[in-house]
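Have a look at the structure below, then the notes.
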Amino acid sequence: DEPMNSKLVFYQDNDSIEDGYLHTYELFNMDLKADLAVLSACETGYGKLVKGEGIMSLARGFSYAGVPSVVMSHWQVDDQSTSQLMEYFYQSLSEGKTKSESLRQAKLKYLAEASLNKKHPFFWGAFVVIGDDSFITKSNNWLLYAGLLIISLIALLVIFRKKIF
């Protein structure tokens, strides 16, 4: 009924500022630097249809926060099958596949290994990818650091060489 009050619940410590909740309305004011948000909880893509706006949901909040891709669920999901499906999804993503192809492969692998009573679409069909479908690029910061180290070593050699001769 109140989609802006949908929330993720996190561990709450004794911090007097943080309440342990991440509400949809809080996401609208954030600038998240992520390629993908995976919302594997129940009904993360479910929300209220607002005329002229579309579905107001937790997933939409992540889109507004600057996350170009979101994996979300359309209905309540089974914890065990979701855990297995997400493991397969991340494995496929790490192999360089696109987000939708990774989710497709995860679903196929889940179906190949699931018992007969867990093959119903209720257990694996709730998840979809919205937004940018490209593969996730791995950071090559180590190349930058290695390059800076090599340049620094060369500079030191040049300086010491000039002092010796």
Side-chain angles (χ1 to χ4, degrees), residues 1-11 18 20-147:
D1 292 335
E2 298 178 35
M4 297 306 276
N5 284 322
S6 294
K7 61 187 169 268
L8 294 175
V9 180
F10 294 95
Y11 172 78
E18 241 347 285
Y21 300 119
L22 178 60
H23 290 87
T24 302
Y25 67 82
E26 292 175 302
L27 288 165
F28 277 69
N29 296 316
M30 294 178 133
D31 183 23
L32 299 177
K33 305 288 186 222
D35 291 329
L36 173 68
V38 178
L39 307 175
S40 59
C42 297
E43 299 177 337
T44 52
Y46 182 80
K48 189 174 188 176
L49 178 61
V50 177
K51 192 173 186 176
E53 289 291 328
I55 302 290
M56 301 303 287
S57 68
L58 194 57
R60 185 179 181 120
F62 278 91
S63 294
Y64 268 86
V67 180
S69 303
V70 178
V71 173
M72 63 181 192
S73 64
H74 282 297
W75 56 78
Q76 291 191 13
V77 293
D78 175 71
D79 288 339
Q80 185 179 7
S81 57
T82 296
S83 174
Q84 194 65 59
L85 190 66
M86 290 301 123
E87 183 179 325
Y88 297 151
F89 173 68
Y90 289 123
Q91 180 182 27
S92 191
L93 266 182
S94 71
E95 295 168 359
K97 294 183 174 82
T98 64
K99 296 163 191 123
S100 61
E101 180 60 23
S102 294
L103 186 58
R104 178 182 174 276
Q105 290 297 322
K107 289 176 178 182
L108 290 173
K109 188 170 183 178
Y110 172 83
L111 284 170
E113 296 179 3
S115 63
L116 186 58
N117 61 339
K118 295 276 188 158
K119 289 189 181 207
H120 189 278
F122 166 79
F123 294 98
W124 55 267
F127 297 100
V128 296
V129 177
I130 59 169
D132 177 19
D133 183 44
S134 63
F135 60 92
I136 294 178
T137 57
K138 294 181 181 174
S139 175
N140 287 328
N141 287 344
W142 68 271
L143 286 175
L144 175 65
Y145 297 130

If every non-hydrogen atom of [X] is compared with every non-hydrogen atom of [Y], which pair is closest and at what distance?
{"X": "Lys118", "Y": "Tyr110", "value": "O-OH, 2.9 Å"}
{"X": "Asp133", "Y": "Ser69", "value": "N-OG, 4.4 Å"}
{"X": "Lys119", "Y": "Trp124", "value": "O-NE1, 2.9 Å"}
{"X": "Ala106", "Y": "Phe89", "value": "CB-N, 3.5 Å"}
{"X": "Asp35", "Y": "Pro68", "value": "O-CG, 3.6 Å"}
{"X": "Ser92", "Y": "Gln105", "value": "OG-CB, 3.8 Å"}

More than 12 heavy atoms of other residues, nucleotides or ligands under 6.0 Å from [atom1] of [X]: is that the case?
{"X": "Glu26", "atom1": "CD", "result": "yes"}
{"X": "Phe122", "atom1": "CZ", "result": "yes"}
{"X": "Tyr21", "atom1": "OH", "result": "no"}
{"X": "Asp79", "atom1": "CG", "result": "no"}

To the nearest 0.5 angstrom, please state how far the [atom1] atom of [X] sits from the [atom2] atom of [Y].
{"X": "Leu39", "Y": "Ser6", "atom1": "CG", "atom2": "OG", "result": "11.0 Å"}
{"X": "Leu111", "Y": "Lys109", "atom1": "CG", "atom2": "NZ", "result": "13.0 Å"}
{"X": "Phe123", "Y": "Asn117", "atom1": "CZ", "atom2": "CG", "result": "6.5 Å"}
{"X": "Ser81", "Y": "Met86", "atom1": "OG", "atom2": "CE", "result": "9.5 Å"}

Quick one, [X] and [Y] - any side-chain contact, counting heavy atoms below 4.5 Å?
{"X": "Ser40", "Y": "Val77", "value": "no"}
{"X": "Phe62", "Y": "Thr44", "value": "no"}
{"X": "Leu93", "Y": "Leu36", "value": "yes"}
{"X": "Leu27", "Y": "Leu32", "value": "yes"}
{"X": "Asp132", "Y": "Lys99", "value": "yes"}
{"X": "Thr82", "Y": "Phe127", "value": "yes"}

Between Thr24 and Met56, is the side chain to side chain contact (heavy atoms under 4.5 Å, CB included) condition met? List the steps.
CA-CA 9 Å; Thr24 302; Met56 301 303 287; over 6 Å; no
Looking at Tyr46, is its backbone amide N or carbonyl O close enough to the side chain of Ser57 to form a donor-acceptor pair, meaning the two atoms are under 3.5 Å apart?
no
For Thr98 and Phe135, indicate whether the former's side chain and the latter's backbone hold a donor-acceptor pair under 3.5 Å.
no
Pair Met30-Leu22, side chain to side chain contact (heavy atoms under 4.5 Å, CB included): steps then yes or no
CA-CA 11 Å; Met30 294 178 133; Leu22 178 60; 4.1 Å; yes
Assign the ring pair His23 / Tyr25 to parallel, tilted or perpendicular, where the plane angle (0 to 90°) is split at 30° and 60°.
parallel
